[in-house]
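Counting begins at 1 with the first residue of the sequence. Values below: every heavy atom of this structure, side chains too, minus hydrogens, waters and symmetry copies.
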Amino acid sequence: MKRIGLTGGIGSGKSTVAGLLQDAGLPLVDADAIARTIMEPGSPVLAEVAQEFGDDLIGPDGTLNRAELARRAFATEEATQRLNAITHPAIRAEAERQFTEHEAAGAQAAVYDMPLLVDLGLHNDMDLTVVVNVDVDERVRRLVSSRGLDEADARARIARQIDDATRLAAADVVIDNNGPVEALAPQVEKVLARIRS
């Protein structure tokens with residue numbers, strides 16, 4: 001089974017591309033969804049995060065205050081690395097389990113939707129790496145208008161990710177998402193043709 005790595009900076013429209021690939025019949029392994037699942041009430045990962053960043057992150061109902069965790073964990077590079085050391089092994093293990101499940105079900109290919117694919121060097125484990133690319137100013141505009149971030153926060157989040165040049169250098173295929181959403185379908189079709197070949 002081919003593993004298709006899909007990545008892009010925050011605000012690039014990666015999730016839209018993932019949806020189009022899913023609509024075409026490819027199973028999706030979604031790192032963000034896994035990250036939420038491993039932090040569900042009572043999970044060992046959540047307990048470890050609370051121990052590291054403060055028990056007050058856990059509400060009376062056992063759920064995580066994600067906004068406060070983000071504030072603490074992304075305050076410094078060192079804090080971010082501490083969070084990643086807890087969560088990334090668990091995400092990787094669950095992603096691997098899902099890939100194995102899709103392969104056992106007879107899938108010819110599966111998409112790994114992973115924001116940090118290149119940051120973590122995971123693109124080296126993929127058969128094809130697809131990068132969704134959008135100019136920084138356009139990504140800021142989208143984050144402000146669709147996610148309600150203020151411009152400074154949007155730019156700070158973009159700056160915390162690896163730079164576009166590094167991400168693009170790892171790409172086998174680049175999808176340009178600077179234009180209208182309608183421009184994505186023909187580009188996704190080219191990716192599908194390459195997967196099938």
With Glu103 via side-chain hydrogen bond (donor to acceptor under 3.5 Å, both in side chains) - residues at least two apart: none
Arg72: partners by side-chain hydrogen bond (donor to acceptor under 3.5 Å, both in side chains), with sequence neighbours left out: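 With sequence neighbours excluded, Arg72 shows a side-chain hydrogen bond (donor to acceptor under 3.5 Å, both in side chains) to Asp56, Glu68, given in chain and number order.
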Met114 and Leu120: CA distance, side-chain angles, deciding distance, side-chain contact (heavy atoms from CB on, under 4.5 Å) verdict: CA-CA 10 Å; Met114 174 46 144; Leu120 300 176; 3.8 Å; yes
Distance check, rounded to the nearest 0.5 Å: [X] atom [atom1] versus [Y] atom [atom2]?
| X | Y | atom1 | atom2 | result |
| --- | --- | --- | --- | --- |
| Arg167 | Thr129 | CZ | OG1 | 12.5 Å |
| Arg92 | Glu96 | CZ | CD | 10.0 Å |
| Ile38 | Ile91 | CD1 | CD1 | 4.5 Å |
| Thr166 | Gln161 | OG1 | CD | 12.0 Å |
| Thr7 | Asp113 | OG1 | CG | 8.0 Å |
| Glu40 | Thr63 | CD | OG1 | 11.0 Å |

Table please: side-chain donor-acceptor pairs of residues 48-55 below 3.5 Å, with sequence neighbours left out.
unit_1 : atom_1 : unit_2 : atom_2 : d
Glu52  : OE2    : Arg82  : NE     : 2.5
Glu52  : OE2    : Arg82  : NH2    : 3.4

For Phe99, ring pair (Phe, Tyr, Trp, His ring centres under 6.0 Å) partners two or more places apart: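 If we apply the ring pair (Phe, Tyr, Trp, His ring centres under 6.0 Å) test to Phe99, skipping adjacent residues, the hits are Tyr112.
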If Ile, Leu, Val, Met, Phe, Trp and Tyr residues are connected whenever their side-chain heavy atoms lie under 4.5 Å apart, and connections chain through other members, are [X] and [Y] in the same group?
| X | Y | value |
| --- | --- | --- |
| Val144 | Val134 | no |
| Met39 | Val29 | yes |
| Leu122 | Leu116 | yes |

Residue pair Gln98, Ile34: steps toward the side-chain contact (heavy atoms from CB on, under 4.5 Å) verdict: CA-CA 10 Å; Gln98 290 185 26; Ile34 293 171; 3.7 Å; yes
Residue pair Gln108, Lys2: steps toward the side-chain contact (heavy atoms from CB on, under 4.5 Å) verdict: CA-CA 6 Å; Gln108 297 303 302; Lys2 289 182 180 175; over 6 Å; no
Closest approach of [X] and [Y], non-hydrogen atoms and distance?
| X | Y | value |
| --- | --- | --- |
| Pro186 | Glu182 | CD-O, 3.6 Å |
| Pro27 | Ala109 | CD-O, 3.2 Å |
| Leu149 | Asp153 | CD2-OD2, 3.5 Å |
| Lys14 | Gly8 | CD-N, 3.6 Å |

Worked check of salt bridge (Lys or Arg N to Asp or Glu O under 4.0 Å) between Arg194 and Asp127: CA-CA 11 Å; Arg194 188 153 172 186; Asp127 296 294; over 6 Å; no
Evaluate the side-chain proximity of [Y] to [X]: yes if any heavy-atom separation is below 4.5 Å, no if none is.
| X | Y | result |
| --- | --- | --- |
| Leu143 | Glu151 | no |
| Asn133 | Asp176 | no |
| Asn84 | Thr80 | yes |

Worked check of salt bridge (Lys or Arg N to Asp or Glu O under 4.0 Å) between Arg36 and Glu94: CA-CA 12 Å; Arg36 287 189 292 276; Glu94 176 56 20; over 6 Å; no
Connected-component partners of Leu20 among ILVMFWY, side-chain separation under 4.5 Å: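 Under the 4.5 Å side-chain rule, Leu20 groups with Ile4, Leu6, Val17, Leu21, Leu26, Leu28, Val111, Leu128, Val130, Val132, Val173, Ile175, Val181, Leu184, Val188, Val191, Leu192, Ile195.
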Side-chain cluster (under 4.5 Å, hydrophobic types only) that Val174 belongs to, other residues: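 Same cluster as Val174: Val131, Leu168.
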More than 12 heavy atoms from other groups under 6.0 Å of CD on Gln22: yes
Pair Arg155-Asp137, side-chain contact (heavy atoms from CB on, under 4.5 Å): steps then yes or no: CA-CA 9 Å; Arg155 288 191 183 279; Asp137 287 343; 3.0 Å; yes
Candidate list Asp164, Asn178, Asn177, test side-chain hydrogen bond (donor to acceptor under 3.5 Å, both in side chains), partner Arg139, passing option: Asp164
